[in-house]
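The shown structure was predicted, so the numbers you read here are calculated from the model rather than taken from an experiment. Quick note: numbers below take in every heavy atom, side chains included, and nothing from hydrogens, waters or symmetry partners. In what follows, chains carry the letters A, B, and so on, assigned in the order in which the sequence lines appear, proteins first and then strands, with residues in each chain numbered from 1.
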Protein chains: 2
Amino acid sequence: MTTAEPIPHGAAGVRIADDLRTAILAGRYAPGARIRQEDLADQHGASRLPVREALRMLEGEGLVTLVANTGAWVTSLSLADCEEMYQIRERIEPLLLRYNVPMLSDAQIDHLEQLALQMEEGDDVEHFLALDREFHLSSYSAAETSLLGDTVRQLWNRTQHYRRAFMQVFRPSDRSVHHEHHLLVAAIRRRDLDEAERVLASHIRRTRKELARHPEIFTD
Amino acid sequence: MTTAEPIPHGAAGVRIADDLRTAILAGRYAPGARIRQEDLADQHGASRLPVREALRMLEGEGLVTLVANTGAWVTSLSLADCEEMYQIRERIEPLLLRYNVPMLSDAQIDHLEQLALQMEEGDDVEHFLALDREFHLSSYSAAETSLLGDTVRQLWNRTQHYRRAFMQVFRPSDRSVHHEHHLLVAAIRRRDLDEAERVLASHIRRTRKELARHPEIFTD
DNA sequence: TATCCCAAGATTGTTTCCAATTCAATGCCA
DNA sequence: TGGCATTGAATTGGAAACAATCTTGGGATA
């Protein structure tokens with residue numbers, strides 16, 4: 001029997017923001033969905049005040065769009081927006097990887113390889129999404145970058161829904177993804193900074209171009 | 001006599017955030033300075049609630065650091081943080097420039113050249129900072145990038161104070177800055193995307209390295 | 001029938017008041 | 001004298017009540 005965790009005073013807004021972020025990333029809120037303050041407040045047994053703080057926080061992360069006197073919606077992206085984010089990722093994730101390659105332990109690199117192998121099995125979309133996210137974010141977890149890491153995570157979060165939508169209709173038939181993942185692990189293992197950067201940039205670029213071939217995913 | 005602007009209901013938090021952001025960027029709040037909710041509320045003739053929303057917004061932009069039950073401070077950066085931001089800028093500003101070069105009108109390019117020339121005159125730090133900011137942000141103002149532009153502006157805002165501190169102690173004696181600005185204008189005028197990217201990346205890289213030579217600017 | 005107007009309902013924005021927490025100064029004790 | 005618990009002021013966090021705004025539906029009119 002677990003001891004009842006006493007809910008700390010303060011930071012209720014942060015807790016609500018965490019929950020809402022998780023819900024959005026899990027796909028329980030679709031882009032464009034309206035978010036009513038009172039609903040969220042009731043769900044968390046709180047007043048609307050911490051809810052408003054949570055919405056402001058997620059607005060800052062780009063997950064929620066607020067309009068004065070009108071309401072809050074889960075941010076939805078156009079294809080152009082999404083491509084822009086992928087272009088940013090293409091430029092800064094290789095930089096983040098460069099910070100990390102020298103700091104990753106051999107055990108961590110082994111773990112990356114395990115993740116790449118697990119991804120090849122099964123065809124559950126959610127499972128693949130989770131593994132893919134863990135694979136890439138793990139490769140960024142060794143260096144203590146104060147903001148680069150956060151920025152990249154935000155970009156992943158903002159595009160999460162469209163990655164899911166893409167996988168659901170596309171179900172990558174080709175093996176490029178897995179091939180690139182293994183190339184990446186190999187470059188990391190050799191501590192080859194330039195090659196790791198190149199492979200990762202190509203990986204993101206190819207993904208962006210495939211996404212652009214499916215504009216039907218985007219409503220606006 | 002100007003008509004008294006009626007203060008619209010709603011979005012008081014946004015107004016306070018705008019004012020506070022301006023104050024921080026102008027240097028009226030130094031990094032590490034405490035921000036008390038009630039002071040801000042009194043200054044704006046509002047209650048503390050919109051102030052708290054404003055603080056959450058600026059936290060999302062990285063200008064303010066909040067600690068639960070404790071308070072808010074103007075975010076201060078370490079040298080490592082600042083270098084990280086400059087490295088990010090080095091990678092994404094050339095991308096943003098690439099979006100813009102084809103869209104800039106000849107008149108806008110003329111204006112850039114004017115700014116570059118004005119920057120060579122006078123030695124007032126604030127004047128130089130304002131012109132430098134306008135020069136670069138103007139070169140990013142033609143294309144309608146939804147997030148890349150915002151991201152870059154945020155990076156400029158976060159590092160604004162350290163740019164000022166650097167200029168105050170260093171007062172660039174060499175002419176590299178101006179030379180690079182004119183090279184940049186020339187590349188833009190020729191619509192040479194690759195060259196413009198190269199010049200801009202070098203410009204930012206050189207600035208970063210000069211900043212790193214003055215660690216005494218950073219307190220922590 | 002289409003359009004405009006208006007009013008009621010729903011939702012958000014703000015203020016006020018109170019509770020919880022933190023921090024610093026004070027006094028106590030070894 | 002130094003360390004430590006305690007107490008109080010200062011400050012932040014949250015809830016409920018109220019005010020302003022927007023939306024939506026119906027109805028009157030051209």
Visitor: Name the first nucleotide and the last nucleotide along DNA chain C (5' to 3') that come under 4.0 Å of a heavy atom in chain B.
Guide: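 Under 4.0 Å from chain B, the extent on DNA chain C is C:dG13 to C:dC23.
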
Visitor: Are B:Glu197 and A:Arg91 close enough for a salt bridge, meaning some N to O gap below 4.0 Å?
Guide: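 Yes, charged N to carboxylate O under 4.0 Å.
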
Visitor: Just how far is it from atom CZ of A:Arg158 to atom CD1 of A:Ile24, taken to the nearest 0.5 Å?
Guide: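 It is 12.0 Å, given to the nearest 0.5 Å.
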
Visitor: According to side-chain hydrogen bond (donor to acceptor under 3.5 Å, both in side chains), who are the partners of B:His111, at least two apart in sequence or on a separate chain?
Guide: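 Partners of B:His111 under the side-chain hydrogen bond (donor to acceptor under 3.5 Å, both in side chains) test: B:Glu134.
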
Visitor: Please verify the inter-ring angle class for B:Tyr162 with B:Phe218; under 30° counts as parallel, over 60° as perpendicular, anything in between as tilted.
Guide: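 The arrangement is parallel - the two ring planes meet at less than 30°.
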
Visitor: Mind telling me whether A:His181 and A:His203 have parallel, tilted or perpendicular rings, with 30° and 60° as the class edges?
Guide: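 A:His203 vs A:His181 ring planes: perpendicular.
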
Visitor: Would you please say whether a donor-acceptor pair under 3.5 Å links the side chains of A:Tyr99 and B:Glu84?
Guide: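 Note: A:Tyr99 and B:Glu84 side chains miss the donor-acceptor criterion.
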
Visitor: Can you give one letter per nucleotide of nucleotides 8-15 of chain D, going 5' to 3': B for a protein heavy atom under 4.0 Å from the base, S for sugar-phosphate only, - for none?
Guide: ---SBBBB

Visitor: Supply the atom-to-atom distance B:Thr151 OG1 to B:Glu61 CD, rounded to the nearest 0.5 angstrom.
Guide: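 CD of B:Glu61 is found 11.5 Å from OG1 of B:Thr151.
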
